[in-house]
Student: 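One structure follows; several queries about it will come next.
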Amino acid sequence: MPTKKASPAKQEMGSNGWAKWVYLGGVIVAGLVSAFGITAADPYLQWVLILAGILAGIFFLDSGDVVNFGIRFLLLSAVAGALGSVPTVGTYVSGFFGGVVAFLGPVGLTLLVMYFWKKYFSNMM
């Protein structure tokens, strides 16, 4: 008789669980704003998205994975540029991915700074 599989335990959100939602929300908001060309809260929304990207880079993503993040960023940038040639929906899809790339820029820079800080300066003291 086969044994009963144990149900997976609920994973508790760690102390940085909020940063996952900031990252996810930033990706979605940046993509949608760019896809539909919403400019109502332009300067303020950009600053909020930059702050959200920096916070997600510090608290959610792993700075040791900066090389893989950079490769994914470059690939997403290339895809965002190439999707504009799709008829009818190309501008929206390309705009969405362009907004995501714009959001991931500050995230990548934060990861790079965190990587160099941990590698060269964190063990000096």
Student: Are Trp18 and Phe59 close enough that their ring centres sit under 6.0 Å apart?
Tutor: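 Distance test on ring centres: under 6.0 Å, yes.
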Student: Mind checking side chain to side chain donor-acceptor pair (under 3.5 Å) for Asn68 and listing every partner two or more places apart, or none if nothing turns up?
Tutor: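 So Asn68 forms a side chain to side chain donor-acceptor pair (under 3.5 Å) with Asp65.
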Student: Would you say Ser34's side chain and Ala30's backbone share a donor-acceptor pair under 3.5 angstrom?
Tutor: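 It does not hold such a pair.
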Student: Quick one: pull up CE in Met114 and OG in Ser122 and give me the separation to the nearest 0.5 Å.
Tutor: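 The CE atom of Met114 sits 9.5 Å away from the OG atom of Ser122.
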Student: Between Tyr23 and Phe103, what is the shortest heavy-atom contact and its length?
Tutor: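 Smallest interatomic distance, heavy atoms only, reads O-CE2, 3.8 Å.
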Student: Following the transitive rule for hydrophobic clusters with a side-chain heavy-atom cut-off under 4.5 Å over Ile, Leu, Val, Met, Phe, Trp and Tyr, establish whether Val101 and Leu24 coincide in one cluster.
Tutor: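 Yes, same cluster.
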Student: Is the ring pair Tyr120/Phe116 parallel, tilted or perpendicular, if the boundaries are 30 and 60 degrees?
Tutor: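 Parallel: the ring planes of Tyr120 and Phe116 meet at under 30°.
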Student: Take Leu111 and Ile58, measure what side chain to side chain contact (heavy atoms under 4.5 Å, CB included) needs, and give me the verdict at the end.
Tutor: CA-CA 7 Å; Leu111 285 177; Ile58 292 172; over 6 Å; no
Student: More than 12 foreign heavy atoms under 6.0 Å from OH of Tyr115: is that the case here?
Tutor: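 Result for OH/Tyr115: open.
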Student: Does a side-chain heavy-atom distance below 4.5 Å link Leu104 with Phe69?
Tutor: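 Leu104 reaches Phe69 side chain to side chain.
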Student: Considering the options Val29, Ile54, Val33, Val27, which one meets the side chain to side chain contact (heavy atoms under 4.5 Å, CB included) requirement together with Leu49?
Tutor: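 The residue from Val29, Ile54, Val33, Val27 that satisfies side chain to side chain contact (heavy atoms under 4.5 Å, CB included) with Leu49 turns out to be Val29.
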Student: Could you see if Ile50 belongs to whatever hydrophobic cluster contains Val48? Use Ile, Leu, Val, Met, Phe, Trp, Tyr and a side-chain cutoff under 4.5 Å.
Tutor: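 Shared cluster, no.
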Student: Using only atom types and a distance under 3.5 Å, with no angle test, would you say the side chain of Ser94 pairs donor to acceptor with the backbone of Ala80?
Tutor: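 The answer is yes, because a donor-acceptor pair under 3.5 Å joins these two groups.
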Student: Report whether Leu55 and Leu109 are members of the same hydrophobic cluster (ILVMFWY, side-chain heavy atoms less than 4.5 Å apart, transitive linking).
Tutor: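 No; tracing contacts between hydrophobic side chains, which count when under 4.5 Å, never links both residues.
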Student: Minimum heavy-atom separation for Ala56 to Ala19, with atom names?
Tutor: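 So the two residues come closest at CB-O, 4.3 Å.
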Student: Does Val107 form a side chain to side chain contact (heavy atoms under 4.5 Å, CB included) with Phe60? I'd like the steps, not just the answer.
Tutor: CA-CA 10 Å; Val107 175; Phe60 176 59; over 6 Å; no
Student: Do Ile28 and Leu83 belong to the same hydrophobic cluster, where Ile, Leu, Val, Met, Phe, Trp and Tyr are linked whenever their side-chain heavy atoms lie under 4.5 Å apart, directly or via other members?
Tutor: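 Looking at the clustering, Leu83 is in the same group as Ile28.
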Student: What do the steps show when you test Phe73 against Val66 for side chain to side chain contact (heavy atoms under 4.5 Å, CB included), and what is the final call?
Tutor: CA-CA 10 Å; Phe73 178 79; Val66 72; over 6 Å; no
